[in-house]
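To start, the structure under review is shown below, and the notes come after it.
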Amino acid sequence: MIRTHTCGELRKEHAGQEVTLAGWVQNRRDHGGVMFIDLRDRYGLTQIKLDLDKSEVLELGQHVRNEWVLKVTGKVLERPEDMYNPKMITGQIELDVDSFEVISRSEVIPFETDEYSKAGEEIRMRYRYLDLRRPQMQRNFEVRHKAIAAIRKVMDEQGFLEIETPILGKSTPEGARDYLVPSRVHHGEYYALPQSPQIFKQILMVGGCDRYYQIARCFRDEDLRADRQPEFTQFDLEMSFAEPDDIFAIIENCMAEAFKAGIGAEVKGPFERMDYAAAIRDYGCDKPDLRFDMKLSEITDLVTECGFKVFSAVAASGGVIKALVAKGCQENYSRKDLDGLHEVIKCHGAKGLAWIKILPGGEYNGAPVKFFEKEQLDAIAARTGATEGDIMMFMADTAHIVNNSLATLRNKWGEMENLYKKDDFHFVWITDFPLFEWSEEHNRWESSHHPFTMIHPEDADQLLGAENKKGGNLGGIRSTSYDLVLNGVELASGSVRIHDSEIQAKIFSLLGISEEEAKERFGFFIDALKYGTPPHAGIAPGVDRMVAMMLGYDNIREVIAFPKNQKAMDLMTGAPAGVDEKQLRDLAIQNVAIQQPKKDA
RNA sequence: GGCCGAGUGGCGCAAUUGGUUAGCGUACCAGACUGUCGAUCUGGUGGUCGCGGGUUCGAAUCCCGUCUCGGUCGCCA
């Protein structure tokens, strides 16, 4: 190594030693007769001093600029006590430079990289290599590494084998859109990049691999979000002879170790559990943020016969009316504020939001009040738990719209009123998801998780004679599945799998996948199930989201070294991009659409 | 695909809501300075207000179209 120490290493114990550092120029402060340069590397900053008594060194220093790479040699000096810099871990020393060498110069950088920089994402992505130099980014990737390393350690101790599965696979046109890779050898045929290693990991169980895991890249060609990238990383695992409790214990252990190793946070298992039905009932969604309380209450039965048509009409038509109570907020929200909340939820199709305040003294205030008897209002308040000083907010619509809207409103309220601490980590297992969900688009029931999910044992007999038609009983059938939710974010999804080829066939037929079709798509898999399949279960936490949560981001691009933008482009490399005609000819591919001319990369 | 927000020197933002020569911070360049640490001080360079069209005596500002970026809904088994 051309250095003897790193820029984060020297302390006053090193005073008097002759050392060599190498790093980037973070900052230069020229006082004429003395100059200070903060030299930066992955490990920290060290102040180096160029003094007039070595005038040739000082002269050289005048030409140095930010982001140049220097190698400096000199003596470590303890600073006079009144010149300690408590903001720097190396702030008690400085390096008195005897000689230095410019290893590499830098052009003027296109955006500032210091800790105060407010550069926008577009410029950061385009010059990601500069962005990555920032201490914050360096920390992000250190945390990510440590968390993953901790997971690998736990999995090793628990006897899991890390096994790789193919990236070039077969398209199984269920679920998300696939990324396709054309075959040069088989013209007109395509590999698909894995949406997850799902089928392979189950086959590993059939193959007796017992305990498998992998830090796996997954690919889904769908529209992106702050927490969704076209390629992302899952901590994928599968266990034979396991029950949900076994999976929960492993993951709780992994999360505890990952959060401890990553950010030093104490996360204790066992995590709280809540079934899907309760989550929807109490929070309106399957990923409740349990850092704060504020449950929904259904009041449909209390308002079926009231003068307030908005409620009674919805109740009569089979909709629901639910309420959300904002404790102690009566004074802080004006009529205008409350009416403005409609903006927050109208994206879910909410037509309006009704509200009633309970004033000090118990008087009700709000537009709907005049349509109710006092006793009715008292009953509603009793049901929702609202008391003096509170605001009751109501939604009346289909269950779907009411739940979505109030869940969004609840999260918004928690944020506005600071009902939780940002660094509080509240995990919860959501269990027993419905096995099927109705697809309006395809006008049929589809798997809500994936078609290999085991039915809930208590609901097994409901599969007999079931039919895939609207209004049928499929919606009520539960699965043995579970999500891990952290602070309102879905971190992982998993289930017990079907290990019986007959049940698997029954599920396929219920899903409207014919025998021939099933054979064509998953024939190898159905065959595999026929040769002695152990019961097995698994789960797959999202690594990007997990690390983002640790660091307090809601944007996973901050914890991915080279992420893509909202249009799935890599602004640094310019991918995706056109290719040579020859490449296309080799693959027997022709462009049918005129390519949009792209902005210069 | 829908909706919302944004686009102004290299970067981050402003422009009293249509009014004179488009400002501020920072970066950059030059100079000064022997203890700074987001150094300071003095001076300076740098802008086709994303692009195209329209309204107007006059447009960064209003209208139409278009492109780009972000958020979100749909979508994401």
Side-chain angles (χ1 to χ4, degrees), chain A residues 26-39 45-53 55 58 62 65-67 77 79-80 82-88 90-91 94 96 107-127 130 172-178 195-196 198-199 218-230 232 343-350 404-405 408 433 435-437 439-442 445-453 479 481 490 493 495 507 511 513 542 554-555 557 565-567 569 571 596-600:
Chain A
Q26 170 78 33
N27 190 6
R28 196 176 62 101
R29 296 178 293 279
D30 186 353
H31 291 256
V34 64
M35 184 190 303
F36 302 98
I37 294 175
D38 291 335
L39 201 64
L45 280 179
T46 299
Q47 172 165 291
I48 66 176
K49 187 179 80 162
L50 313 185
D51 209 296
L52 194 57
D53 57 17
S55 58
L58 188 59
Q62 315 252 320
R65 291 295 179 269
N66 284 352
E67 299 304 322
L77 299 180
R79 300 191 197 182
D82 57 334
M83 289 172 199
Y84 280 4
N85 183 350
K87 289 196 275 185
M88 290 169 82
T90 61
E94 62 194 355
D96 188 30
E107 291 186 10
V108 175
I109 51 176
F111 63 97
E112 286 142 72
T113 53
D114 62 33
E115 60 187 303
Y116 309 99
S117 166
K118 288 180 188 133
E121 258 202 295
E122 200 173 346
I123 193 90
R124 289 176 55 208
M125 290 307 166
R126 183 154 173 186
Y127 297 93
L130 298 179
T172 54
E174 187 90 5
R177 223 170 274 120
D178 285 320
Q195 295 177 25
S196 78
Q198 184 63 35
I199 288 183
C218 306
F219 305 86
R220 294 177 191 176
D221 188 4
E222 294 292 346
D223 287 351
L224 308 182
R225 290 285 187 281
D227 62 351
R228 274 171 15 197
Q229 282 276 299
F232 60 99
E343 286 300 313
V344 176
I345 55 173
K346 72 176 185 191
C347 58
H348 297 292
N404 278 343
S405 302
T408 298
F433 282 75
L435 189 56
F436 304 102
E437 67 189 9
S439 163
E440 286 295 340
E441 189 191 341
H442 301 114
W445 292 95
E446 297 182 343
S447 286
S448 45
H449 189 44
H450 55 58
F452 318 114
T453 308
S479 62
S481 63
E490 180 192 316
S493 210
S495 63
I507 295 289
L511 289 172
I513 302 172
D554 40 26
N555 183 336
R557 293 187 293 266
N565 72 4
Q566 201 175 39
K567 291 269 168 65
M569 292 191 307
L571 293 179
Q596 297 287 330
K598 222 162 45 171
K599 225 179 65 173
D600 58 314

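Chain identifiers are assigned alphabetically (A, B, ...) following the order of the sequence lines, protein sequences preceding nucleic acid strands; residue numbering begins at 1 within each chain. Atoms considered below: every heavy atom in the structure, side chains included; atoms not considered: hydrogens, waters and symmetry mates.
- Taking atom C1' on both B:C69 and B:C29, the two are 32 Å apart, rounded to the nearest angstrom.
- Checking the phosphate oxygens (OP1, OP2) of B:G71, a side-chain nitrogen or oxygen of A:Gln566 falls inside 4.0 Å.
- In this structure, CG on A:Leu511 lies 5.5 Å from CZ on A:Phe436, to the nearest 0.5 angstrom.
- Pair assignment for B:A15 gives none, since no Watson-Crick or G-U wobble pairing has each distance under 3.5 Å.
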Please list, for nucleotides 7-12 of chain B, all pairs of protein and nucleotide N/O atoms separated by less than 3.5 Å.
residue : atom : partner  : partner atom : Å
B:G10   : O2'  : A:Pro110 : O            : 2.6
B:G10   : N2   : A:Glu112 : OE2          : 2.6
B:C11   : O4'  : A:Pro110 : O            : 3.2
B:G12   : OP1  : A:Gly120 : N            : 3.0

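- The gap from the P atom of B:U26 to that of B:A60 amounts to 27 Å, rounded to the nearest Å.
- Both distances falling under 3.5 Å, in either a Watson-Crick or a G-U wobble arrangement, place B:U68 opposite B:A6.
- Here B:G71 presents its P atom at 9 Å from CG of A:Asp554, a figure rounded to the nearest Å.
- In this structure, B:U66 is classed as anti because its glycosidic torsion departs from zero by more than 90°.
- If you take CG of A:Asp227 and C1' of B:C73, they are 14 Å apart, rounded to a whole angstrom.
- The nucleotide whose nearest atom lies closest to any side-chain atom of A:His31 is, among B:C37, B:C28, B:C33, B:C33.
- Looking at heavy-atom distances under 4.0 Å, A:Asp114 makes no contact with the nucleic acid at all.
- With B:C75, B:G35, B:C29 as the choices, the nucleotide that has an atom nearest any side-chain atom of A:Glu222 turns out to be B:C75.
- Aromatic ring orientation, A:Phe36 versus A:His31: perpendicular (interplanar angle above 60°, classes split at 30° and 60°).
- Dashed line: the shortest gap from a side-chain N or O of A:Arg228 to OP1 or OP2 of B:G70 is not under 4.0 Å.
- Pairing for B:A59 is absent, with no Watson-Crick or G-U wobble pair whose two atom distances lie under 3.5 Å.
- When every heavy atom of A:Thr453 is checked against every heavy atom of A:Ser481, the shortest pair comes out as CG2-CB, 4.1 Å.
- Counting non-hydrogen atoms under 4.0 angstrom, A:Lys346 reaches nothing in the nucleic acid.
- Between the base of B:C75 and the side chain of A:Arg220 there is no donor-acceptor pair shorter than 3.5 Å.
- Using atom C1' as the reference point in both B:C51 and B:C33, the two lie 48 Å apart (nearest Å).
- A donor N or O paired with an acceptor N or O is not found under 3.5 Å between the base of B:G70 and the side-chain atoms of A:Glu122.
- The CD atom of A:Glu343 sits 15 Å away from the P atom of B:C73 (whole-angstrom rounding).
- Contact between A:Gln62 and A:Arg65 at its shortest, heavy atoms only, is O-NH1, 3.0 Å.
- With the nearest nucleotide of RNA chain B identified for both A:Glu94 and A:Cys347, A:Glu94 has the one nearer the 5' end.
- Going from the P atom of B:C49 to that of B:C37 covers 39 Å, rounded to whole Å.
- The CD-C1' distance, from A:Glu107 to B:C29, rounds to 16 Å in whole Å.
- As rounded to the nearest Å, B:G9 and B:C4 have C1' atoms that lie 29 Å from one another.
- Look at CG on A:Leu224: it is 11 Å from C1' on B:C75, rounded to the nearest Å.
- For A:Asp51, the listed nucleotide lying nearest its side chain is B:U34; candidates were B:C75, B:U34, B:G71.
- Nucleotides B:C62 and B:G18, compared at atom C1', are 8 Å apart to the nearest Å.
- Within 4.0 Å (heavy atoms only), A:Asp221 reaches no atom of the nucleic acid at all.
- Judged by distance alone, the side chain of A:Thr90 and the main-chain N or O of A:Leu45 form a donor-acceptor pair under 3.5 Å.
- Contact record, A:Arg79 with A:Asn85: NH1-CB, 3.7 Å, taken as the closest heavy-atom pair.
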May I have the step-by-step check of side-chain contact (heavy atoms from CB on, under 4.5 Å) for A:Glu94 and A:Met83, ending in yes or no?
CA-CA 10 Å; A:Glu94 62 194 355; A:Met83 289 172 199; over 6 Å; no

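- In this structure, the CZ atom of A:Arg28 is 16 Å from the C1' atom of B:G35, given to the nearest Å.
- B:G43 and B:A59 are spaced 35 Å apart, taking the P atom of each and rounding to whole Å.
- Counting non-hydrogen atoms under 4.0 angstrom, A:Arg65 reaches the backbone sugars and phosphates but no base.
- Taking side-chain N and O atoms only, A:Arg29 has no distance below 4.0 Å to OP1 or OP2 of B:U34.
- Annotation: salt bridge (charged side-chain N to carboxylate O under 4.0 Å, His left out) contacts of A:Lys346 (sequence neighbours excluded): A:Glu343.
- Between A:Phe36 and A:Pro451, the residue anchored closer to the 5' end of RNA chain B is A:Phe36, taking for each the nucleotide with the nearest heavy atom.
- In this entry the distance linking CG of A:Leu58 with C1' of B:U36 reads 14 Å, nearest Å.
- Counting non-hydrogen atoms under 4.0 angstrom, A:Glu115 reaches nothing in the nucleic acid.
- The closest donor-acceptor contact from the side chain of A:His450 to the backbone of A:Phe452 lies under 3.5 Å.
- Among the protein residues, A:Met35 comes within range of no part of the nucleic acid, since none of its heavy atoms lies under 4.0 Å from any strand.
- Here A:Arg124 lies out of heavy-atom contact (under 4.0 Å) with every strand.
- One interatomic measurement links the two molecules: CG of A:Asp30 to P of B:C29, which rounds to 13 Å at whole-angstrom precision.
- Residues satisfying the side-chain contact (heavy atoms from CB on, under 4.5 Å) criterion with A:Gln195, sequence neighbours excluded, are A:Ala176, A:Asp178, A:Arg220.
- Nucleotide B:U42 is matched to B:A30 when pairs are restricted to Watson-Crick or G-U wobble geometry with both distances under 3.5 angstrom.
- Side chain of A:Asp223, nearest nucleotide from B:G71, B:G74, B:C76: B:G74.
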Under the criterion salt bridge (Lys or Arg N to Asp or Glu O under 4.0 Å), I'd like the reasoning laid out for A:Glu222 against A:Arg228: C-alpha separation, chi angles, the key distance, then a yes or no.
CA-CA 9 Å; A:Glu222 294 292 346; A:Arg228 274 171 15 197; over 6 Å; no

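- Nucleotides B:U48 and B:C41 are separated by 36 Å at their C1' atoms, to the nearest Å.
- For A:Asn565 and B:G70, a side-chain-to-base donor-acceptor distance below 3.5 Å is absent, hydrogens and geometry of angles not being considered.
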